[in-house]
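Below is one structure; the comments refer to it alone.
Numbers for residues simply follow the sequence, beginning at 1.
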Amino acid sequence: HLERKIEDEFQSFRVAHKPHRSDCRDVVLDLSNMTNQTIKLGSGLRQDSDAISAMRAGKFSYSKPNKYWVESSHKRYIPRTEDHVLGIVVDYKADNFWVDIKDSAFARSCIRRSDTKKHSQVGTLLYLRVVKTNIGMNPELSGTDASGKASVFGPLKDGFMFETSTGLSRMLLSSPTCPVLEALGKKLSFEIATGLNGRVWVNAAAPRSVIIVANAIMNSETLSATQQRIMVEKLLAKISD
């Protein structure tokens with residue numbers, strides 16, 4: 001999902017010659033050995049003559065064949081079309097629900113009641129899709145996929161919902177499966193729904209499984225792949241003692 005969103009932000013340029021290397025200290029990509037290539041730059045990067053520099057803190061990311069961007073982690077969420085989010089019903093009037101999706105510009109967002117279960121009440125947790133965003137207006141949400149089917153969307157019953165940074169949410173939705181979820185999935189049976197707005201819902205038959213999965217996810221953001229696997233092994237060892 002992340003790659004599709006990044007594509008919209010990319011600026012393309014072609015390196016037609018071999019330029020002289022600059023002395024920038026924040027250079028993350030040197031163009032001096034990348035002649036005759038088309039490079040696509042995403043958010044957080046700028047071109048300065050012969051070099052690409054970082055404009056903000058974050059993880060320097062690359063996607064084949066030629067996409068580069070800085071992936072930052074934020075507590076606030078900026079809605080984008082086709083994002084999948086976890087929203088909490090805070091009010092409803094006539095045919096519309098007002099849903100809190102933790103976005104930075106708006107406290108509430110609108111969704112048609114016909115798009116999800118009509119019996120959903122205030123406080124219901126919903127898995128939704130962002131269908132439209134406009135500056136100065138509340139985002140429009142839907143409880144169906146692009147074809148109008150409920151699919152994976154709708155109310156999330158039982159389980160446990162917790163909040164994360166947007167960066168951790170993106171990591172959980174990455175492909176291939178991120179190490180922490182891969183390690184947990186080998187030993188535990190659970191359901192998970194991740195919203196790009198920094199919310200995660202977990203459900204399992206055993207309450208202790210929910211606790212372990214939630215703790216593992218919240219502890220994983222700053223860990224390497226190897227460290228994530230080791231951390232999961234230690235958590236699982238505690239419940240087997």
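- Side chain of Lys132 to main chain of Thr81: no donor-acceptor pair is present (N/O by atom type, distance under 3.5 Å, no hydrogens or angles).
- Tyr127 pairs by the ring pair (Phe, Tyr, Trp, His ring centres under 6.0 Å) definition with His84, Phe153, not counting sequence neighbours.
- Atom CG of Asn197 and atom CD of Glu163 lie 8.5 Å apart (nearest 0.5 Å).
- Among pairs with a residue in residues 120-131, those fulfilling salt bridge (charged side-chain N to carboxylate O under 4.0 Å, His left out) read Glu82-Arg129, at least two apart in sequence or across chains.
- In this structure, CG in Leu156 is found 6.0 Å from CG in Leu86, a value given to the nearest 0.5 Å.
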Show the numbers, then the answer: is there a side chain to side chain contact (heavy atoms under 4.5 Å, CB included) between Leu188 and Leu236? CA-CA 9 Å; Leu188 300 175; Leu236 293 174; 3.9 Å; yes
Between Leu172 and Val180, does the side chain to side chain contact (heavy atoms under 4.5 Å, CB included) criterion hold? Intermediate values first, please. CA-CA 8 Å; Leu172 295 174; Val180 65; 4.2 Å; yes
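- Remark: the backbone N or O of Ser224 is paired with a side-chain donor or acceptor of Gln227 at under 3.5 angstrom.
- Annotation for Arg199 and Thr164: closest pair N-OG1, 4.3 Å, computed over non-hydrogen atoms.
- When atom types are taken as modelled, the side chain of Gln228 and the backbone of Leu223 share a donor-acceptor pair closer than 3.5 angstrom.
- Scanning all heavy atoms of the two residues, the minimum distance from Gly87 to Ile101 falls at CA-CG2, 4.0 Å.
- If you take CG on Leu235 and CG on Asn219, they are separated by 6.5 Å, rounding to the nearest 0.5 Å.
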Steps toward side chain to side chain contact (heavy atoms under 4.5 Å, CB included) verdict (Ile192, Leu181): CA-CA 10 Å; Ile192 184 171; Leu181 292 183; 3.9 Å; yes
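- Considering every non-hydrogen atom in both Ser169 and Thr194, the closest pair reads O-CG2, 3.7 Å.
- Under the 3.5 Å distance criterion, with hydrogens and angles disregarded, a donor-acceptor pair is assigned to the side chains of Thr144 and Ser142.
- A salt bridge is absent between Arg170 and Asp83; no separation between the charged side-chain nitrogens and carboxylate oxygens falls under 4.0 Å.
- Residues Ile78 and Thr166 form no side-chain contact, since every pair of their non-hydrogen atoms from C-beta on lies 4.5 Å or further apart.
- Minimum interatomic distance between Gly167 and Glu221 (heavy atoms only, all atoms of both residues): C-OE2, 4.3 Å.
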Take Val131 and Leu141 through the test side chain to side chain contact (heavy atoms under 4.5 Å, CB included) and record every step on the way to the result. CA-CA 5 Å; Val131 295; Leu141 310 172; 5.8 Å; no
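- Between the Trp201 side chain and the Glu191 main chain, no donor and acceptor come within less than 3.5 Å of each other.
- Rounding to the nearest 0.5 Å gives a distance of 10.0 Å between CG of Leu168 and OG1 of Thr222.
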Give the table of side-chain donor-acceptor pairs shorter than 3.5 Å for residues 203-214, with sequence neighbours excluded, one pair per line with atom names and distance.
from	atom 1	to	atom 2	distance (Å)
Asn203	OD1	Gly159	N	3.4

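- The side-chain heavy atoms of Val99 and Val90, taken from C-beta on, include no pair separated by under 4.5 Å.
- When all heavy atoms are compared, the tightest approach of Leu196 to Tyr77 is O-CD1, 3.4 Å.
- Summarising the geometry of Val202 relative to Phe162, their closest heavy-atom pair is CG2-CE2, 3.9 Å, with the distance given to 0.1 Å.
- The hydrophobic clustering, which links ILVMFWY residues whose side-chain heavy atoms are closer than 4.5 Å, places Ile230 and Ile217 apart.
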